[in-house]
Amino acid sequence: MYNSNKDRKAYFIGGGIGSLAGAVFLIRDGGVAGNNITIFESLPVLGGSLDAGGNPEEGYTLRGSRMFTLNIYECTWELFKSIPSLTDPNTSVTEETIAFNEKVISNAKARLIDKNRAIVDASKLGFSMANRAELLKLSEASEEKLGNSSIYDWFSPSFFETNFWFMWRTSFAFSPWHSAVEFKRYLHRFMQEFPNVETMTGVKRTVYNQYDSMILPLQVWLQSHGVHFMKGSTVTDLDTEYALDARTETEKVVVKHITYKSAGNIETIAIKDSDLVFYQNGSMTDASSYGSMTSAPEFFTKEDSQGWELWEKLANKYPGFGRPEVFNTNIAESFWESFTVTLKDTAFFDQMEKLSGNKAGTGSQVTLKDSNWFMSFSLNEQPHYKDQPDNVQVFFTYGLHPDRVGNFVGKPMTACSGEEILRELCGHLKFDYDVVFANAICIPCRMPYITSMFMPRLKTDRPLPVPKNSKNLAFISQFVEIPDDVVFTVEYSVRAAQMAVYELLDIDLEIPPITKFDKTLKVELETVAKAFH
């Protein structure tokens with residue numbers, strides 16, 4: 001059907017999951033030849049914010065760990081039905097993930113732990129009648145009415161002390177100063193999870209971390225189709241101009257050249273009229289920095305990384321290409337810190353199982369609700385890395401208030417080494433550091449823009465996947481506008497890529513629609529009942 005596309009070339013700027021998914025859609029649904037697709041990535045590894053690294057000797061690293069559900073993430077699971085598992089070529093990644101979650105089922109018994117190390121009865125959400133009214137008012141308000149207001153603007157102070165806020169916030173990484181629109185979208189998109197917010201029974205995981213379980217299978221599939229990966233290559237500029245679009249008889253933006261830097265050399269690629277360019281504008285993990293057991297991460301900004309520079313150039317030049325300054329100018333409201341812990345014995349996992357009543361992989365997320373750093377962590381099914389030895393365990397943790405002084409360590413999380421962070425964690429759990437972390441390696445990671453896509457914004461602050469005034473340039477990232485869907489999810493990147501590819505190639509196939517669980521009577525009734533529990 002799409003044989004006319006076999007000689008068309010496509011270029012992806014950024015090697016995150018959006019670009020990898022977009023390349024699959026070009027080949028699978030658009031008939032584009034794989035050897036005509038090039039993906040540029042500044043880092044030496046693909047995956048973008050889903051990257052992972054390290055080793056058991058020096059410690060593993062993981063900037064983030066994603067939770068999934070199987071009843072939404074429609075584009076994601078449809079995509080991975082086409083991608084073979086690396087452990088069984090006769091099984092798709094989607095089938096592999098479903099089978100894994102039928103075996104390892106989440107049912108958290110210690111979702112919240114207080115300052116006395118007591119497990120909180122989180123089934124009681126803690127709403128007052130005023131809180132319920134506020135939640136209903138926000139959930140029914142139009143996005144036009146919400147505008148660029150923050151969550152703070154819609155709730156009284158007591159709402160931010162409820163068990164519901166502690167759990168919803170740490171499940172999705174919201175802060176009170178974040179976008180009311182995004183908060184509303186999450187309430188609707190994940191309403192089916194509201195009744196189980198304390199047990200997280202709807203939460204699903206990949207077999208390993210997302211790099212091993214999702215990025216590597218995509219990379220192998222694309223390599224088998226001849227796709228070119230330009231790692232260590234940074235696109236610094238796009239030469240663009242207005243040109244007449246014969247189909248619409250209007251002037252549209254056309255990319256004519258791509259300029260990139262690789263191994264210290266500046267190179268330029270000429271873009272033909274039939275070629276396509278896909279750009280991952282913005283990055284939640286831009287300017288990240290790692291620490292160690294003895295040192296805190298360095299403080300980097302966009303000036304250190306130049307990660308937002310290209311989007312800023314384009315946005316300053318063309319209306320409809322978004323406003324990056326809405327998302328990248330207030331690090332204090334968009335940063336937090338994660339850390340990955342590598343263990344050479346089972347002492348910590350054993351004590352957590354005894355405390356929580358959950359074996360690793362079944363407890364989902366534990367939040368230390370009275371922690372000044374507002375720490376949460378999860379112990380996944382082991383191994384969490386494909387190459388992880390049997391005698392090693394790994395877990396991921398984060399703090400949403402890393403600028404505050406710790407309860408047990410007298411300095412902010414941002415100033416702490418890995419060892420100091422582990423001592424703070426032990427203080428909250430009343431564990432003996434020398435027992436549970438005697439053989440631990442903790443690598444902290446500071447991420448200045450990790451929740452930048454949650455910043456209060458207007459609809460026009462984010463470009464459409466294909467702006468109305470663009471002919472051959474598409475945007476695929478967490479910083480594009482997709483009605484009703486929610487950022488900070490793998491699904492958002494995959495959906496943006498599918499929308500961009502289908503529009504630019506005029507592919508007449510249906511994109512999986514967003515499931516409207518919030519419109520079903522069963523979910524509505526269960527949600528109301530839970531809110532009054």
Side-chain angles (χ1 to χ4, degrees), residues 17-18 21 49-50 64-81 83 85 92-108 111 122 125 139 164 167-174 182-210 213-215 358 361-367 376 378-381 384 396 453-454 478 482-498 511-527 530:
I17 193 166
S49 298
L50 296 183
S65 180
R66 300 335 185 253
M67 296 181 291
F68 299 88
T69 68
L70 293 175
N71 50 12
I72 60 173
Y73 288 74
E74 300 86 356
C75 296
T76 301
W77 301 127
E78 190 276 335
L79 165 71
F80 279 103
K81 285 179 181 177
I83 307 301
S85 159
S92 71
V93 171
T94 296
E95 292 169 329
E96 174 186 66
T97 305
I98 292 171
F100 174 76
N101 284 281
E102 288 174 348
K103 181 183 70 172
V104 182
I105 300 171
S106 293
N107 186 15
R111 180 65 182 84
L125 301 187
S139 66
F164 169 79
M167 293 186 287
W168 200 260
R169 181 188 183 190
T170 51
S171 294
F172 304 115
F174 279 109
E182 294 300 340
F183 186 63
K184 178 202 168 176
R185 286 193 182 190
Y186 264 83
L187 289 173
H188 285 273
R189 188 77 157 110
F190 289 99
M191 190 176 287
Q192 73 280 6
E193 304 304 330
F194 189 101
N196 305 309
V197 64
E198 81 278 10
T199 59
M200 303 185 79
T201 51
V203 168
K204 309 302 177 187
R205 301 276 186 179
T206 50
V207 177
Y208 303 108
N209 64 79
Q210 282 81 58
S213 288
M214 302 182 106
I215 299 301
N358 282 114
T362 68
S364 197
Q365 195 172 37
V366 175
T367 293
S376 297
S378 55
L379 306 186
N380 287 6
E381 174 84 356
H384 198 44
F396 169 81
M453 59 280 170
F454 278 165
Q478 299 288 311
I482 302 176
D484 299 325
D485 212 351
V486 293
V487 292
F488 212 8
T489 60
V490 170
E491 175 68 10
Y492 207 82
S493 294
V494 175
R495 184 175 291 275
Q498 193 166 14
I511 294 174
I514 291 172
T515 308
K516 300 288 188 179
F517 279 108
D518 58 318
K519 303 299 183 185
T520 64
L521 181 60
K522 178 178 183 291
V523 169
E524 288 179 342
L525 290 174
E526 289 177 347
T527 299
K530 185 67 175 183

*Asks:* Can you tell me if Glu95 and Ser85 form a side-chain donor-acceptor pair at under 3.5 Å?
*Replies:* no
*Asks:* Quick check: do Trp168 and Leu187 have side-chain heavy atoms less than 4.5 Å from each other?
*Replies:* yes
*Asks:* What's the shortest heavy-atom distance between His384 and Asn380, and which atoms?
*Replies:* CE1-ND2, 2.8 Å
*Asks:* Closest approach of Asn71 and Thr515, non-hydrogen atoms and distance?
*Replies:* O-OG1, 3.9 Å
*Asks:* Quick one: does Arg111's side chain get under 4.5 Å of Thr170's, heavy atoms only?
*Replies:* yes
*Asks:* If we count only N and O atoms by modelled type, under 3.5 Å, do the side chains of Arg205 and Ser213 hold a donor and an acceptor together?
*Replies:* no
*Asks:* Working to the nearest 0.5 angstrom, can you tell me the gap between Ile17 CD1 and Gln210 CD?
*Replies:* 8.5 Å
*Asks:* Do Asn101 and Phe68 have side chains that get closer than 4.5 Å, going by heavy atoms?
*Replies:* no
*Asks:* Of the non-hydrogen atoms in Asn358 and Gly363, which two are nearest, and what is the gap between them?
*Replies:* CG-CA, 3.4 Å
*Asks:* Is there a side-chain contact between Ser493 and Gln478, using heavy atoms and a 4.5 Å cut-off?
*Replies:* yes
*Asks:* Mark yes or no for whether Thr94, through its side chain, and Lys81, through its backbone, hold a donor-acceptor pair below 3.5 Å.
*Replies:* yes
*Asks:* Residues two or more places apart in sequence or in another chain: which of them pass salt bridge (Lys or Arg N to Asp or Glu O under 4.0 Å) with Asp485?
*Replies:* Arg189, Arg495
*Asks:* At what distance, to the nearest 0.5 angstrom, does OG1 of Thr206 lie from CE of Met67?
*Replies:* 12.0 Å
*Asks:* Is it the case that the ring center of Phe164 lies less than 6.0 angstrom away from the ring center of Phe194?
*Replies:* yes
*Asks:* Any heavy-atom pair between the side chains of Ile72 and Glu491 that's under 4.5 Å?
*Replies:* no
*Asks:* Could you tell me the separation between the OG1 atom of Thr527 and the CE atom of Met191, rounded to the nearest 0.5 Å?
*Replies:* 5.5 Å
*Asks:* Is a donor on one side and an acceptor on the other found under 3.5 Å between the side chain of Tyr186 and the backbone of Val487?
*Replies:* yes
*Asks:* Minimum heavy-atom separation for Leu125 to Ala122, with atom names?
*Replies:* CD2-O, 3.8 Å
*Asks:* Could you measure the distance from the OG atom of Ser92 to the CD1 atom of Ile98? Nearest 0.5 Å is fine.
*Replies:* 7.0 Å
*Asks:* Of all residues at least two apart in sequence or in a different chain, which pass the salt bridge (Lys or Arg N to Asp or Glu O under 4.0 Å) check with Glu526?
*Replies:* Lys522
*Asks:* Hey, does the side chain of Asn209 reach the backbone of Ser65 with a donor-acceptor pair shorter than 3.5 angstrom?
*Replies:* no
*Asks:* Any chance you could measure Cys75, atom SG, to Ile514, atom CD1, to the nearest 0.5 Å?
*Replies:* 8.0 Å
*Asks:* Any sub-3.5 Å donor-acceptor pair from Glu78's side-chain atoms to Pro512's backbone N or O?
*Replies:* no
*Asks:* Got a sec, which residues hit salt bridge (Lys or Arg N to Asp or Glu O under 4.0 Å) with Lys530, two or more places apart in sequence or on another chain?
*Replies:* Glu198
*Asks:* If you measure from CZ on Arg185 to NE2 on His188, what distance do you get to the nearest 0.5 Å?
*Replies:* 11.0 Å
*Asks:* Please identify each residue that fulfils side-chain contact (heavy atoms from CB on, under 4.5 Å) with Thr520, with sequence neighbours left out.
*Replies:* Val523
*Asks:* Apply ring-ring contact (aromatic ring centres under 6.0 Å, His included) to Phe488 and list each qualifying residue two or more places apart in sequence or on a separate chain.
*Replies:* Phe454
*Asks:* Does the side chain of Asp484 come within less than 4.5 Å of Lys516's, by heavy atoms?
*Replies:* yes
*Asks:* Is there a side-chain contact between Thr199 and Asn107 (heavy atoms, below 4.5 Å)?
*Replies:* yes
*Asks:* Heavy atoms only: give me the nearest Ser171-Gln365 pair and the separation to one decimal.
*Replies:* CA-OE1, 3.5 Å
*Asks:* Heavy-atom distance under 4.5 Å between the side chains of Lys204 and Thr97, does that happen here?
*Replies:* no
*Asks:* Under 3.5 Å, is there a donor-acceptor pair linking the side chains of Thr489 and Arg66?
*Replies:* no
*Asks:* Return yes if a side-chain donor-acceptor contact under 3.5 Å exists between Ser376 and Arg169, otherwise no.
*Replies:* no
*Asks:* Using ring-ring contact (aromatic ring centres under 6.0 Å, His included) as the criterion, list what pairs up with Phe396, not counting sequence neighbours.
*Replies:* none
*Asks:* Apply side-chain contact (heavy atoms from CB on, under 4.5 Å) to residues Glu182 and Phe174 and explain how you reach the verdict.
*Replies:* CA-CA 9 Å; Glu182 294 300 340; Phe174 279 109; 4.1 Å; yes
*Asks:* Mind checking whether Phe80 and Trp77 have parallel, tilted or perpendicular rings, split at 30° and 60°?
*Replies:* tilted
